[in-house]
Structures are given as structure tokens and as C-alpha cells.
Amino acid sequence: MKKTDQALVSYLTRDELQALLDAPDASTVSGIRDRAMLHLAFAAGMRVSELVSLRLDQIDRQTMSSVHIMGKGRRERVLPLWKQTAAAVKAWLKVRPVSGAPELFFNARAQAMTRSGFEYILTKHVATAARKAPSIAGKGVSPHVLRHSCAMHTLQATRDVRKVSLWLGHASLQSTEVYLRADPTEKLEALAARTPPMLTPGRFQAPDKLLAMLNAAGRKPNYAE
């Protein structure tokens with residue numbers, strides 16, 4: 001494979017995603033936390049670094065309507081929260097341990113969640129989700145796959161790669177174009193929008209040399225052949 005080649009991104013289908021979001025046990029504090037993390041990671045298309053460093057003051061706690069994300073290269077974006085995502089985060093805030101630490105999510109030791117900590121949590125819940133959606137087991141789900149899933153679902157819903165770029169906080173559209181290659185519906189729409197080339201009907205004209213050869217052989221040309 002050439003260095004310039006890019007593999008297609010891996011992302012979760014709607015059923016796989018739902019199975020993953022439903023995997024945490026909402027009757028436990030850790031399950032409530034995990035569900036909130038998974039919802040935010042997907043809904044906001046967050047990088048794992050953005051998720052684990054998310055602070056309480058980056059969530060609109062009055063209305064629970066938006067999240068302020070500090071992205072890569074100090075690029076900021078404010079995204080609205082779906083009702084389901086807002087409900088999951090609100091449930092976590094109700095049981096979140098009291099602490100002076102600014103981070104929204106803690107581990108079992110009441111310390112700020114780490115990248116490896118979330119990766120462990122994700123792997124655990126993917127295994128649970130596989131009982132309901134077996135296809136998820138073979139997708140190598142990582143935190144970035146959740147980000148890819150957000151991008152693909154947003155693209156399929158809006159049909160606008162520019163909106164995907166804004167949602168993910170990309171510096172340029174070039175970073176977002178990879179999702180166009182991964183979405184088969186985009187290709188089908190492009191194919192349907194094109195018309196096949198029309199071939200102009202014509203009649204075969206025998207050259208003089210060929211006519212002379214046929215006449216010499218005592219045969220008249222049949223133009224219908």
C-alpha cells in the first residue's frame with residue numbers, strides 16, 4: 001500500500017451504536033458515568049483528549065443545552081446537546097462525587113478520567129453490546145471510531161460535508177473528505193445524478209479500397225452486416 005493511500009474509516013451502524021449506548025448498567029454510579037461519556041463522545045464527535053479533559057464549566061448546567069469543546073490546535077466549538085445526551089449528562093451530575101477538581105468525569109478513585117481509562121471502559125461495554133449487536137465485535141471499536149460514527153451519521157443526515165467539518169472542529173474540509181469516500185449512499189446519489197453518454201447512431205461507410213476488393217471478388221457489399 002502506498003503511503004498516500006488511506007483506509008476507509010470504520011464506524012458504527014445505528015443498531016450497533018444503540019446497543020453500545022444501552023450497555024452500561026444505569027443502576028450503578030459507574031454505569032451512569034459511562035453512559036454519559038459514551039453519549040457525549042458520539043453526539044459531539046469528541047476526541048478522547050477532549051472528552052477526558054472536559055470541565056464542568058464547559059457544560060451549560062442551567063439548560064443542559066450545549067457543550068463548549070476546547071479542540072485540537074486551540075480550536076473551540078459550541079455544540080447543542082440532544083435531549084438523550086443532556087439527560088445522560090444530567091443523570092451523571094446528580095451522582096458525581098463531590099470534588100474540587102474541575103473535570104466532569106472521574107475514575108473509581110475520584111481522579112480525573114484518563115485516556116486509557118476511557119479506552120478500557122469502552123472495550124468493556126463493546127463486549128456487552130456484542131450480545132445484542134454481534135457485528136460490533138469485529139469493528140475494533142476505539143474512541144476515534146465513535147468520532148467517525150458521529151461524522152458519518154451527521155453526513156448521512158445533512159448531506160453536507162461542511163456541517164460535518166464544523167461539528168468535528170476540523171481545520172479544513174480536506175480532513176473531512178475521508179467520510180465522503182466511506183459513505184456508499186453518497187456514491188449512489190452521485191451515480192443517479194449522472195446520465196450515461198449517448199452514442200450517436202451512424203451508418204458504416206466502406207472505404208474505396210474495400211469496395212474495389214469486393215467488386216474484384218464479384219461480390220456486392222452488404223451494408224446491413
Side-chain angles (χ1 to χ4, degrees), residues 11-12 14-71 75-129 132-133 136 141-154 157-158 163-164 166-169:
Y11 64 97
L12 303 183
R14 185 177 297 275
D15 289 342
E16 292 167 345
L17 183 63
Q18 191 62 59
L20 179 60
L21 295 177
D22 291 342
D25 182 357
S27 67
T28 66
V29 172
S30 62
I32 294 172
R33 176 204 62 194
D34 295 354
R35 179 168 290 186
M37 293 186 76
L38 292 173
H39 267 279
L40 269 177
F42 165 70
M46 299 180 76
R47 300 177 179 90
V48 63
S49 58
E50 296 170 347
L51 180 66
V52 299
S53 64
L54 191 66
R55 304 186 311 269
L56 280 170
D57 61 6
Q58 290 174 250
I59 294 285
D60 182 356
R61 298 176 66 181
Q62 293 296 322
T63 62
M64 295 300 296
S65 61
S66 64
V67 58
H68 185 172
I69 301 171
M70 306 296 292
R75 289 186 295 275
E76 302 180 31
R77 62 191 192 277
V78 177
L79 300 178
L81 293 178
W82 295 331
K83 289 183 179 179
Q84 297 90 333
T85 306
V89 175
K90 190 174 182 179
W92 162 242
L93 289 175
K94 289 181 179 179
V95 299
R96 178 181 176 272
V98 177
S99 171
E103 288 81 13
L104 177 60
F105 296 110
F106 295 151
N107 59 23
R109 298 184 297 276
Q111 298 173 341
M113 181 65 65
T114 63
R115 177 191 296 260
S116 60
F118 179 65
E119 290 173 348
Y120 171 80
I121 288 169
L122 178 59
T123 299
K124 179 179 67 173
H125 293 309
V126 166
T128 301
K132 186 176 180 180
I136 197 175
V141 182
S142 67
H144 221 65
V145 168
L146 295 183
R147 180 171 164 85
H148 289 328
S149 301
C150 171
M152 294 301 297
H153 287 239
T154 302
T158 66
K163 291 178 181 178
V164 178
L166 289 171
W167 199 270
L168 296 187

*Centroid-to-centroid, Phe42 to Trp82, below 6.0 Å?*
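Distance test on ring centres: under 6.0 Å, yes.
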*Please check if atom CZ in Arg14 has more than 12 non-hydrogen atoms from other residues, nucleotides or ligands closer than 6.0 Å.*
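Check fails, neighbour count at 12 or below.
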_Quick check on Lys90: does its NZ atom have over 12 non-hydrogen neighbours (other residues, nucleotides or ligands) under 6.0 Å away?_
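Counting other residues, nucleotides and ligands, NZ of Lys90 stays at 12 neighbours or fewer.
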Let me confirm one number: the [atom1]-[atom2] distance from [X] to [Y], rounded to the nearest 0.5 Å.
X	Y	atom1	atom2	value
His125	Met37	NE2	CE	9.5 Å
Gln18	Asp22	CD	CG	4.5 Å
Ile136	Leu12	CD1	CG	5.0 Å
Ser99	Phe106	OG	CZ	3.5 Å
Ser30	Asn107	OG	CG	11.5 Å
Leu40	Leu51	CG	CG	6.5 Å

Mind listing the closest non-hydrogen atom pair of [X] and [Y] along with its distance?
X	Y	result
Ala129	Ala23	N-CB, 4.2 Å
His39	Ala88	CD2-CB, 3.7 Å
Phe118	Ala41	CZ-CB, 4.2 Å
Leu79	Ala44	CD1-O, 3.6 Å
Asp34	Lys124	OD2-NZ, 4.1 Å
Arg35	Ala26	NH1-CB, 3.9 Å

*Candidates Leu54, Asp60, Thr85 - the one meeting side-chain contact (heavy atoms from CB on, under 4.5 Å) with Val67*: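 Exactly one pass, corresponding to Leu54.
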_Please determine whether a side-chain nitrogen of the Lys or Arg among Glu50 and Arg77 lies less than 4.0 Å from a carboxylate oxygen of the Asp or Glu._
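Arg77 and Glu50: salt-bridged.
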*Please determine, by modelled atom types, if Asp25 and Thr28 share a side-chain donor-acceptor pair under 3.5 angstrom.*
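Thr28 and Asp25 do not have a side-chain donor-acceptor pair below 3.5 Å.
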*Side-chain donor-acceptor pair present, Glu76, His68, cut-off under 3.5 Å*: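 Judged by distance alone, the side chains do pair up.
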Side chain of [X], backbone of [Y]: donor and acceptor closer than 3.5 Å?
X	Y	answer
Arg55	Glu103	no
Trp92	Leu104	yes
Arg33	Arg96	no

*asked:* Could you go through Arg147 and Met46, starting from their C-alpha distance and side-chain angles, then the distance that decides it, and tell me whether this counts as side-chain contact (heavy atoms from CB on, under 4.5 Å)?
replied: CA-CA 6 Å; Arg147 180 171 164 85; Met46 299 180 76; 6.0 Å; no
*Quick one: do Val126 and Leu20 satisfy side-chain contact (heavy atoms from CB on, under 4.5 Å)? Show the steps, please.*
CA-CA 6 Å; Val126 166; Leu20 179 60; 4.0 Å; yes
*Can you sort out the partners of His144 under ring-ring contact (aromatic ring centres under 6.0 Å, His included), two or more places apart, ordered by chain and number?*
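For His144, the residues satisfying ring-ring contact (aromatic ring centres under 6.0 Å, His included) (neighbours in sequence not counted) are His148.
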*Is there side-chain contact between Ile32 and Pro24, with at least one heavy-atom pair below 4.5 Å?*
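In short, these two side chains do not touch, never coming nearer than 4.5 Å.
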*Can you find a pair of side-chain heavy atoms, one from Leu38 and one from Leu146, that are under 4.5 Å apart?*
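Yes; the side chains approach each other to less than 4.5 Å.
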*Residues Ser49, Arg115; criterion side-chain contact (heavy atoms from CB on, under 4.5 Å); working and verdict*: CA-CA 7 Å; Ser49 58; Arg115 177 191 296 260; 3.8 Å; yes
*Check step by step if side-chain contact (heavy atoms from CB on, under 4.5 Å) holds for Leu93 and Leu56.*
CA-CA 9 Å; Leu93 289 175; Leu56 280 170; 3.6 Å; yes
